[in-house]
Structure formats: C-alpha cells, structure tokens
Amino acid sequence: MSRYNSKKLLSKRDAYLRLLLAAVCLALIVVALPRGGGQTYSAREGLPWYGRELVAPFEFPLLKSDRQLQLEQDSVRRSFSPYFKTNAETKVVMLTEWRKEASRLTRDRLLTSELAAQIDRRLQEVYDRGVISAAEFDSKVAGIGSQSISVISGKTFDVRYTDEIYTPKTAYHYIISDVPETVNKQMNLAAYIQANLVYDRKRTDEALAERLEDVLPTSGLVMKGTRIVDRGEIVTPEIVHAINSLNSEMERRNSTIVTDYYALLGQVIYVMLVLMGFASYLLLFRSDYVTSMRHVCLLAMLVTVMPVVTALAVRLSLFNVYVLPFAVVPIVARVFTDSRTATMTLTASVLLCAMPLTQPFQFIVVQLVCGSVAIYSLRELSERSQLFRCALQVTLAALAARLAVDMMDEWASTLVGLLYYASILICGVLLLFTYPLLFMIERLFGFTSNVTLVELSNINTVLLRRLSEEAPATFQHAMQVANLSAEVANAIGAKPQLVRTGALYHDIGKLHHPAFFTENQQGGVNPHDRLTPTQSARVIIGHVTTGLELAAEYNLPKVIREFISTHHGTSKAGYFYAKEREAHPGEEVDAAPFTYPGPNPTTAEQAILMMCDAVEAASRSLSEYNDESISGLVNRIVDSQVASGAFALCPVTFRDIDVAKRVLKEKLHTIYHTRISYPDTIQVAPAPSTNENA
C-alpha cells in the first residue's frame, strides 16, 4: 500500500490523448506570442495622436537621420589621418644631386659655402618632415579637411600635422626665404624638391572604412513595452523619430524570414521545456493526477490560459498585464489539488507569462510572491470569507513586492510607475471573482471543493434533515462516524472535511426501510423475523444501491457517491450469511446474494470511513466498555478488513492503519467512559467545638 497510485499505467490511447493535449497547449501559447508584425504607423509633427496608446512591441533602435549620419561621417573623415608611405630614395638622390650642383656653384664663386650649407640643411629638414605632391595634398589632405597624416616608414608610422609637412611649392619658398635674389637666379632649387611621401590608397581606404563602421546608425534603444505616444498627445519631433525607427525595424524584421523562424523555434523550445518540466513533476510525484483525465485537463487549462491572455494583451497592447489576476492559477490549483502541485503550476504559468514582457524579472518576482501567499492562505478553504482575506493578502504582497523591485531599480515616482500600482489594486478586486469561477470549474470538471463539502455537511440540508427525522438512530450513527472519521483523517494526514461529509451521507439508503436496521428498531419488533436470510440480506445490502439512487436524485457530487458505494466494499452481510449456512448444513451456500456490490475503497478517506463505520456500529453491541474490550473490538474488525484485502487498492500504509486504530480506541473510550458512582446521601461529619470557620 503506497500513498499514491503510482503503479497504475496509462494505456496507449490515454498516453496519446495526453500528448495531444500537451501539443495543443504548446500550439496555443506559441501562436499567441508576439514576434513582430507588418503594421506601420504614421504621425505628423505638431498634431495630436489619435490612435490608441502606442507601446513598443519589441526592442528596437532609434535610427539617426541621413543628415545627422552624414555629419558624423564627415567629422570622422576630418579627424582621420590618411596614410602616406615614405620614399627614402628620393631624399638621397635629391641631396646627392644638389650637393654636386652646390660644389660647382661654390667653385665658380656663384654661391658661398655658408649659403650652400644652409640650403643643404633646409633641404634635409624638408625631406625629413615630408613633401607631398600638390595634387595629392589638395585632394587627400586639405580637400577632406584632415588635420594630420599617418606616415609609414618601414614597419613603423608616426602622425604628423599638416602644418609640419610641405608641398614642393611651400618647400621651395621655405628654402629660398633667406637666399638673395641674384644667387637664386643662378641655381634651379625647384629641380631638387620632389615629393617623398606617396599616398597609400589601400591602407587608407581600409582604415577609413573601419572608422566609418564605428559610426553607429542609431542614437539609442527603445525597450520593449516602452510607451511611445498616447492617445491625444501632441506629436513631437522625438516621437516622429521614434515612430519612424519603429517602422524601419518592422520592415527589417519582415524582410528577415530566417530570423522569424529562429525566434519561433526559440519560443517553441522554451515553452516545450517548461511544459516538460511540469509534466516531469506530475509523473514523478503525482502520477495519480496523470491517470485522472479531469486533473490533466484542469492543470493544462491553468498552465495555458494565463500565458495566452498575457501574450495577446502584450501583442495587441490591450492593457497593463498586472491587471490580470494571476493568483487565480495557484488558488484554483490549491483548491482542487494540493500545495506542491499548486506551487509547480504557478511556477510553470509565470515562466510562460513572462516571455513576452518587457520586464520579466520584476514580473516573475511579483507573481511568485503573490502565488505563494495565495497558496499559504488557502491551505484549507472552507469559507467564502477566506477568499476575501486571500485577495487582500495577495494584493498587499503584490504591492510590497513591486515596491521592492522598483526601489532596487532606483525607481522614481512617475505617472507610468504609479500605473503599475493602480493595476495591482484592480487585480485585487478581480480576484474576488474567483469564487464563482470555482463553482464553474466544479461543474465543468466534476471536482468538489471544501466550500461545497462544508455546505453539504450542514445538517439542515434536505437529505440530512430527512435522515434525522425518518431514521434518527441512523442519523446519530452517521454523526458519530463523521466525528471519528475526521479525527482519524487529521491523524494520518488525509482530508478531514471530505471524509466527514462522506460519512454523513454514507447510510442515506436506510431511508427506504429504516425499521429493517437494528439501530432504528423499537419495541423489540424485528421485521427480519418474517424474512428468509436471503431476503434480509437483500434489504440490508440494498441500502447501498438505494443510497446511490438518492444521491443522484439530490445531485450529490461523485466523490460523495463513492463513499456510499465503498463503505462496505465487497464484504458480506455476515449475520444473514451465517444463518443461511445454518439453515442448509452440509450444502454449498452461494455467497453472491450476501455480498455487497462494492467496489472496495480506493482512497485513504474511503478506507477511513469503512473502518470507522464498522467499528462504531459494532461498539454499540459491547456488553462492557473498558480498555480491553474496546481495544479487542477495534483490532478484530480492522485486522479482518485488512486480511480480507479491503484496503488493497488504497493509498494507505500499515502505519496509517495503526494510527487509525489508536485514534479509534481513544475516541471510543472517551465516548463510552464509565461514569463514577456517587452514594445517594453524603454523611456530614460533626462540626468542631471551636468557633473557627472551616
């Protein structure tokens, strides 16, 4: 006996149905997710924006205008230093030729040696600084406004300012600035000045291209979810710029089909991983939910609906997603499953909802906090007022979590920031509609919430009132069994409200012929004396089928009807079966007419009811109530049920059964405790002779 029916295997058909349901959930979520779009927007500067609020559907860059981009590129060109290679041979050749000419002029006394040396020094200085041809200087340096050049000499290069280099003309004027006119006419200095810096087109073009690539075509980034313009707002140049950038990005995305396929594939993989993680939890820890199609459908709906609604809200810019009551998911999951499953359902839903959002981290933090608070506050839902308290606690937790996240992000009190808090307050109000939603889910999936169980356990309901009036002893028996069952359920960790309600209705079939049941017989008249054992057994066993008919007539939930059908399991009406065997000694007696239709219990709560029902009924026949007789009765009845295999299909352990037996012994001892006998008269001792008060 294990806690869950983990060994129950799915048929191929059931497995395929669950895979198909998972595929449908995957498809719905992925289809709803935004991936850009082909819509474009137009706006005129200075006029109001008449459309709805425009929010960035995705992250996109703010593009620079063509003029701004051209200005920045021109600035790069002006600051760029074009590359020139040094021709060292030019300097050597020209200086050699000059020195020959200077030697001849000095020998002919046309040039003094001092002036010849001065011209030689200046020629060397000119070549050391660099000479660029006039054409290249005008087109490659001055023409683009460059303030410097990069001079390559071997494997090294240095940057030289343009006012430090020469053209042949400026070099000539610099050299002859101190030379007398008469001397200058005797020599041809211009012939010894040639360009020794040659423009390196290849290296210049490569370096300039790299610099121009550094000029970004964008001036900023608009984050996904950022409000661009709202209805009625005057369109400014900045808004026009943002809208034009958005249109350009949309066109780019529409033209890159491969990118869209990658985005789609990424979304499919992400959603699949989340759903697989959730399914793995169910297979490992709650396989009983996997085998129940209604549980599978409920959990699939909870994991799918909110992500789809969130994606559509973002995709169509309908409203702030914080308006949506995401805490409904853990509330519904907690009411109809358990806390761990509700936590996993919450986690899967929140991770899927965060996909299309601009600030997924903030959203995940807020919703996990809210969901945890909701699960904790609804550990045992039994009153409608609990939902109101839960909504209040969830709202306060959401406000606190959002405030904490905003403070970490250095949030300032702006209108946009305050809208989040207003949305959270609206969400708190919407959470109050969870109660009618629970009612609809009960009817749709066939679940029964604790609120419904509490309403059914009201003894003023029509069926229980009939039972108390027409079969009062059976009603008292049902009340006793309900109390015992709830105590046992609390002790072993089962559901006390469920078993209490089931116990109140388990014997409603006795309304058909109440006098045929021992507890309702009065005056010593026993109608079974006029019946054969087979007929008596048919009447006794018939209270199960009659109870199921009454349960259907009064629309009792399926979970309550299961208590009616399983509280005797497939046991026998032992007393009448024994009488039949006594009446036919030596013959084989057919046990079928004396056997309850069953089935045997399949839940811990049904097993508890079977034990408590049999023990409470048998305890009324004890001749003496003491520890030994009560303990013997409980052990005998429960052990016989275990030996007969009544609990073979139940998720109860032997430890649970031992705890149940202990609780039953304690409670029966309390119910049937012996009162202390007091004498009829009390002998009063004579008062002392002194006058002191006693």
Side-chain angles (χ1 to χ4, degrees), residues 33-43 45 49 51-76 210-231 233-267 270 310-311 313-322 353-366 402 405-420:
L33 287 171
R35 283 176 296 277
Q39 182 181 9
T40 58
Y41 304 93
S42 60
E45 183 180 341
W49 175 261
R52 67 181 178 211
E53 181 185 24
L54 178 58
V55 178
F58 43 74
E59 182 182 281
F60 67 91
L62 283 173
L63 300 178
K64 296 175 182 176
S65 65
D66 293 340
R67 182 174 180 276
Q68 182 181 1
L69 191 61
Q70 186 63 46
L71 290 174
E72 291 186 8
Q73 291 176 347
D74 290 343
S75 176
V76 169
E210 291 179 1
R211 291 285 302 274
L212 291 176
E213 286 179 358
D214 293 337
V215 179
L216 298 178
T218 62
S219 59
L221 198 64
V222 178
M223 303 303 294
K224 180 180 178 181
T226 302
R227 185 179 64 85
I228 298 174
V229 63
D230 203 352
R231 183 187 296 271
E233 186 176 347
I234 300 300
V235 177
T236 63
E238 291 76 14
I239 293 176
V240 173
H241 186 198
I243 292 176
N244 291 336
S245 299
L246 174 60
N247 290 334
S248 299
E249 180 65 13
M250 286 181 172
E251 292 176 3
R252 186 191 68 81
R253 292 191 175 209
N254 290 336
S255 63
T256 55
I257 300 176
V258 175
T259 303
D260 284 347
Y261 284 154
Y262 280 136
L264 176 61
L265 180 61
Q267 291 173 346
Y270 179 88
T310 304
V314 173
R315 188 172 187 172
L316 304 176
S317 302
L318 298 177
F319 45 75
N320 190 317
V321 295
Y322 282 88
C353 290
M355 289 181 63
L357 300 183
T358 307
Q359 299 176 320
F361 169 75
Q362 291 87 335
F363 174 82
I364 291 174
V365 170
V366 172
R402 182 70 206 189
V405 171
D406 287 339
M407 292 174 68
M408 287 190 294
D409 289 343
E410 299 180 357
W411 165 78
S413 179
T414 63
L415 179 60
V416 176
L418 293 176
L419 286 176
Y420 284 105

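Values below: all heavy atoms of this structure, side chains included; hydrogens, waters and symmetry mates excluded. Values in this document were obtained by computation on a predicted structure and should not be read as measured data.
Listed by chain and residue number, Ala32, Leu33, Pro34, Pro356 satisfy the side chain to side chain contact (heavy atoms under 4.5 Å, CB included) test with Ala311 (two or more places apart in sequence, or in another chain). For Leu221, the side chain to side chain contact (heavy atoms under 4.5 Å, CB included) partners at least two apart in sequence or on another chain are Glu59, Pro61, Met223. Residues satisfying the salt bridge (Lys or Arg N to Asp or Glu O under 4.0 Å) criterion with Glu238, sequence neighbours excluded, are absent altogether.
Of all heavy-atom pairs between Tyr322 and Arg402, the closest is OH-NH1, 2.9 Å.
Taken from CD in Gln362 to CG in Leu357, the straight-line distance is 10.0 Å, to the nearest 0.5 Å. With values rounded to the nearest 0.5 angstrom, Arg67 atom CZ is found 10.5 Å from Gln70 atom CD. Distance check, rounded to the nearest 0.5 Å: CD1 of Ile228 to CD1 of Ile243 gives 6.5 Å. Distance check: Ile239 CD1 to Leu246 CG gives 13.0 Å after rounding to the nearest 0.5 Å.
For Ser245 (side chain) and His241 (main-chain N/O), a donor-acceptor pair under 3.5 Å exists by modelled atom type.
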